[in-house]
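First up is the structure itself, then whatever we jot down about it.
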Amino acid sequence: HNMDEGGGTMFDRSLHDVSAMITHAKLIETELLPLSQIVSFKQEMIGEEVKLLEVTKEVAESFKVGDLLTIRGDSEETAVICSNNKTFDIKEAETSNSLRMLDNVVFPDKLDKSKSSRSLGWSSVGGIFHKYLEIIEIRPKIRKLKHVLSKNLFDENSNRENKKGLTTSELLDIIQASEEELATGLKQYECVQIDGGWFILDQDYQMMVLSRILKYFDENSWELNNVHKKETVSTLSSLVNQQVLSQVFDMFCDPSPMPR
């Protein structure tokens with residue numbers, strides 16, 4: 001036997017050895033795939049620093065289009081795993097079977113079955129596992145979003161104070177939710193984004209902005225099913241932050257089929 005590059009022992013198996021084993025097992029060689037893979041064990045095996053994660057078919061398919069899984073949670077929270085659009089609880093499972101981590105394995109769907117002659121391949125076991133992690137879809141933990149943003153409300157003095165909000169990236173580090181679920185939560189709590197930072201508006205300030213918008217509708221004698229966003233925001237921007245105006249307008253007005 002020889003040492004492979006990973007420090008494992010590679011057994012010197014020949015095609016003759018393999019054919020003899022097939023005959024001894026009373027198998028018909030022509031009915032088998034034309035590749036025999038010789039498995040050996042590395043001298044240095046992977047330990048507890050590596051975890052196996054079982055995912056759903058949907059999550060596995062999402063990897064092909066570049067989706068990632070991110071573990072979220074602070075020291076006082078139970079960790080969750082998030083994809084681009086879902087949140088999962090993490091549970092440890094145990095199996096009586098040995099799960100082996102191998103390199104250089106050729107799967108049947110990747111094998112050239114047109115070859116009639118038998119060939120040999122070698123792979124090494126780098127780790128043996130009896131425990132793995134599985135994921136269970138759960139609701140995102142969005143309630144914390146309101147708690148975090150309520151500590152830094154945006155009001156009529158915030159512009160003058162140059163108040164800074166938390167970015168989407170910073171919120172994803174705090175809130176146990178996927179990016180899509182966070183976006184839904186921000187809309188649910190009527191949050192506004194100002195210069196890249198997210199805020200919840202002070203309730204009195206939000207009502208003041210809405211009152212100015214409604215008053216402008218009334219001054220122009222507009223019917224409520226035919227109001228003009230661009231003109232409203234442009235005119236009132238000397239009185240109210242333009243980004244706040246635009247987003248409060250969108251909170252209470254739906255776009256018509258023919259935008260104005």
Side-chain angles (χ1 to χ4, degrees), residues 62 65-90 137-217 219 227-255 259-260:
S62 72
V65 294
D67 197 2
L68 300 173
L69 289 181
T70 305
I71 297 176
R72 296 199 169 107
D74 60 30
S75 59
E76 298 178 358
E77 295 173 320
T78 302
V80 300
I81 283 184
C82 298
S83 65
N84 182 55
N85 58 2
K86 291 182 178 179
T87 301
F88 303 91
D89 198 6
I90 312 169
E137 186 176 348
I138 59 173
R139 291 183 178 181
K141 301 181 180 181
I142 291 294
R143 190 176 300 175
K144 185 178 178 181
L145 175 64
K146 184 176 183 180
H147 175 72
V148 169
L149 294 185
S150 293
K151 296 178 180 179
N152 188 35
L153 297 176
F154 194 93
D155 58 27
E156 57 186 327
N157 299 315
S158 297
N159 263 342
R160 190 166 57 251
E161 297 168 355
N162 198 27
K163 187 176 284 190
K164 301 294 183 184
L166 293 169
T167 64
T168 300
S169 178
E170 289 169 333
L171 286 174
L172 284 170
D173 287 338
I174 299 171
I175 309 302
Q176 291 184 305
S178 69
E179 194 163 349
E180 286 189 17
E181 291 166 333
L182 176 64
T184 300
L186 289 166
K187 187 173 183 180
Q188 174 187 332
Y189 291 126
E190 297 183 342
C191 303
V192 297
Q193 189 175 32
I194 302 167
D195 297 331
W198 286 99
F199 294 93
I200 289 178
L201 296 177
D202 173 82
Q203 192 168 14
D204 291 340
Y205 179 63
Q206 180 175 320
M207 288 300 100
M208 183 273 288
V209 175
L210 179 60
S211 295
R212 288 187 182 276
I213 292 172
L214 293 174
K215 183 179 179 182
Y216 187 75
F217 292 170
E219 288 172 355
V227 295
H228 303 217
K229 177 180 178 181
K230 186 176 181 180
E231 182 180 331
T232 302
V233 172
S234 176
T235 302
L236 297 180
S237 60
S238 60
L239 302 173
V240 180
N241 180 291
Q242 187 169 338
Q243 296 171 81
V244 173
L245 270 171
S246 178
Q247 291 171 82
V248 170
F249 189 103
D250 290 340
M251 286 177 198
F252 297 96
C253 300
D254 295 323
R260 291 179 177 269

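Just so you know, these numbers use all the heavy atoms, side chains as well, and skip hydrogens, waters and symmetry mates. Count residues from 1 along the sequence.
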Rounded to the nearest 0.5 Å, what separates atom [atom1] in [X] from atom [atom2] in [Y]?
{"X": "E156", "Y": "D204", "atom1": "CD", "atom2": "CG", "value": "9.0 Å"}
{"X": "I194", "Y": "Q242", "atom1": "CD1", "atom2": "CD", "value": "12.0 Å"}
{"X": "T184", "Y": "I142", "atom1": "OG1", "atom2": "CD1", "value": "7.5 Å"}
{"X": "S158", "Y": "N241", "atom1": "OG", "atom2": "CG", "value": "9.5 Å"}
{"X": "L172", "Y": "T167", "atom1": "CG", "atom2": "OG1", "value": "8.5 Å"}
{"X": "K215", "Y": "L236", "atom1": "NZ", "atom2": "CG", "value": "10.0 Å"}

Pairwise side-chain contact, [X] with [Y], heavy-atom cut-off 4.5 Å (strictly under):
{"X": "E181", "Y": "S178", "value": "yes"}
{"X": "Q247", "Y": "E190", "value": "no"}
{"X": "V233", "Y": "V240", "value": "no"}
{"X": "K163", "Y": "F199", "value": "yes"}
{"X": "V192", "Y": "Q206", "value": "no"}
{"X": "F249", "Y": "V227", "value": "yes"}
{"X": "L239", "Y": "R212", "value": "yes"}
{"X": "K141", "Y": "V80", "value": "yes"}

N-O pairing of K86 and E180 below 4.0 Å: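 No, no charged N to carboxylate O under 4.0 Å.
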Short N-O contact, K229 and D250, less than 4.0 angstrom: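 A salt bridge links K229 with D250.
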Candidate pair D155 and R160, rule salt bridge (charged side-chain N to carboxylate O under 4.0 Å, His left out), full reasoning: CA-CA 10 Å; D155 58 27; R160 190 166 57 251; over 6 Å; no
Okay, side chain of [X], backbone of [Y]: is any donor-acceptor separation there less than 3.5 Å?
{"X": "Q176", "Y": "T78", "answer": "yes"}
{"X": "D67", "Y": "N85", "answer": "no"}
{"X": "E77", "Y": "D74", "answer": "yes"}
{"X": "S246", "Y": "Q243", "answer": "no"}

Test side chain to side chain contact (heavy atoms under 4.5 Å, CB included) applied to L245 and T235, T232, V209, the passing residue: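 The option that passes is V209.
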W198 and its side chain to side chain contact (heavy atoms under 4.5 Å, CB included) partner, picked from L166, L182, L186: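 That would be L186.
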side-chain contact (heavy atoms from CB on, under 4.5 Å) assessment of T168 paired with Q193: CA-CA 9 Å; T168 300; Q193 189 175 32; 4.2 Å; yes
Residues F154, I200; criterion side-chain contact (heavy atoms from CB on, under 4.5 Å); working and verdict: CA-CA 6 Å; F154 194 93; I200 289 178; over 6 Å; no
Residue pair L149, C191: steps toward the side-chain contact (heavy atoms from CB on, under 4.5 Å) verdict: CA-CA 9 Å; L149 294 185; C191 303; 3.6 Å; yes
side-chain contact (heavy atoms from CB on, under 4.5 Å) partners of I90, counting only residues at least two apart: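 I90: side-chain contact (heavy atoms from CB on, under 4.5 Å) contacts with A79, I81, L133.
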Over 12 non-hydrogen atoms of neighbours within 6.0 angstrom of CD in E179: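 Open.
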